[in-house]
Amino acid sequence: DLDAPPEVGGSSGGGGPSVKDDPEFQQFFQQLQHNDQKMDEKLGRIHQGIQRLNQNAVLIKDELKIQDVILTDIEAKVDNTYVKLRGLNKKLKETLKKVDQDRMFLYLFCLILLIALAGGCYYIFSSRK
């Protein structure tokens, strides 16, 4: 029967040619094995690359956790410092207002003293005549 495929395992009584004995099949089979071996090597390299990526991802995740803790701590410190600065600014404004009032009194006192001195000098010079 010409349409039937040749036997794979050798002749089993039919006397027909075996596929194993066919040089084209042997070359095809060797090429197939060679290609399988290359694919296995490439898959091995891909597997190693994926393992490295996984290790890097785990390290990055751990570093991000550490950075998150640090940032949370810094945020709390900044908030605390901000509250303190607001209090200091309020006290500074009050102190500046008080200093301005004190200066105003000092200027007023100096003006009164100057007027008194001028009046005293005027009295002394006007009484000499």
Side-chain angles (χ1 to χ4, degrees):
D1 187 43
L2 293 175
D3 291 336
E7 289 181 32
V8 174
S11 62
S12 57
S18 170
V19 174
K20 279 180 141 181
D21 296 335
D22 184 16
E24 283 183 42
F25 176 77
Q26 288 177 357
Q27 183 181 2
F28 169 75
F29 188 70
Q30 287 176 349
Q31 185 65 37
L32 186 65
Q33 285 179 329
H34 180 70
N35 289 344
D36 283 348
Q37 187 178 13
K38 281 185 177 180
M39 283 199 303
D40 286 343
E41 290 171 4
K42 290 179 182 181
L43 286 173
R45 278 190 253 143
I46 290 172
H47 178 70
Q48 290 173 350
I50 289 173
Q51 283 180 330
R52 280 195 308 267
L53 285 174
N54 183 41
Q55 290 171 350
N56 288 342
V58 168
L59 290 173
I60 289 171
K61 182 186 87 172
D62 292 343
E63 183 64 28
L64 285 174
K65 283 182 180 180
I66 292 169
Q67 294 295 325
D68 184 49
V69 170
I70 291 171
L71 286 174
T72 302
D73 185 45
I74 289 172
E75 185 179 9
K77 288 178 181 178
V78 166
D79 289 343
N80 188 23
T81 303
Y82 177 73
V83 168
K84 287 180 181 180
L85 275 175
R86 282 183 54 186
L88 285 174
N89 280 339
K90 186 176 179 182
K91 287 179 182 180
L92 184 60
K93 284 180 183 180
E94 291 171 0
T95 303
L96 286 175
K97 284 181 184 179
K98 186 178 178 184
V99 166
D100 285 343
Q101 289 173 353
D102 290 345
R103 276 194 186 156
M104 188 64 104
F105 288 125
L106 181 63
Y107 291 146
L108 186 60
F109 176 74
C110 287
L111 181 64
I112 292 172
L113 186 61
L114 187 61
I115 291 173
L117 284 173
C121 288
Y122 177 75
Y123 176 75
I124 292 174
F125 289 120
S126 65
S127 64
R128 284 189 175 177
K129 289 182 180 181

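Along the sequence shown, residues carry numbers from 1. Computed from a predicted structure; not experimentally measured.
With rounding to the nearest 0.5 Å, the separation of SG in Cys110 from CG in Leu106 is 4.5 Å. Taking CG of Asp40 as the start and NZ of Lys42 as the end, the distance is 11.5 Å to the nearest 0.5 Å. Note that CG of Leu88 is 12.0 Å distant from CZ of Arg86, once rounded to the nearest 0.5 Å. Between Lys61 atom NZ and Lys65 atom NZ the span is 4.5 Å, to the nearest 0.5 Å. Atom CD1 in Ile124 sits 9.5 Å away from atom CG in Leu117 (nearest 0.5 Å). Between Leu64 atom CG and Ile60 atom CD1 the span is 7.5 Å, to the nearest 0.5 Å.
Other members of a hydrophobic cluster containing Met39 are absent, since no ILVMFWY side chain comes under 4.5 Å of it, directly or through relayed contacts. Hydrophobic cluster of Leu108: the remaining members, joined at side-chain heavy-atom separations below 4.5 Å, are Ile112, listed by chain and number.
At least one side-chain heavy atom of Gln48 sits less than 4.5 Å from a side-chain heavy atom of Arg52.
Under the 4.5 Å side-chain heavy-atom criterion for grouping Ile, Leu, Val, Met, Phe, Trp and Tyr, Ile74 is connected to Ile66 within one hydrophobic cluster.
Residues satisfying the salt bridge (Lys or Arg N to Asp or Glu O under 4.0 Å) test with Lys84, not counting sequence neighbours, are none. Applying the salt bridge (Lys or Arg N to Asp or Glu O under 4.0 Å) test to Asp73 and every residue at least two apart in sequence or in another chain returns Lys77. Taking Gln31 as the reference, Asn35 meet the side chain to side chain donor-acceptor pair (under 3.5 Å) condition, with sequence neighbours excluded. Judged as a side chain to side chain donor-acceptor pair (under 3.5 Å), and not counting sequence neighbours, the contacts of Glu63 are Gln67.
In the displayed structure, Glu24 atom CD is contacted under 6.0 Å by at most 12 heavy atoms of other residues, nucleotides or ligands. Remark: Glu41 CD is packed, more than 12 non-hydrogen atoms of other residues, nucleotides or ligands lying under 6.0 Å away.
Classified by interplanar angle (parallel below 30°, tilted 30° to 60°, perpendicular above 60°), the ring pair Phe25/Phe28 is tilted.
In the model, His47 has a side-chain atom that pairs as donor or acceptor with a side-chain atom of Gln51 under 3.5 Å.
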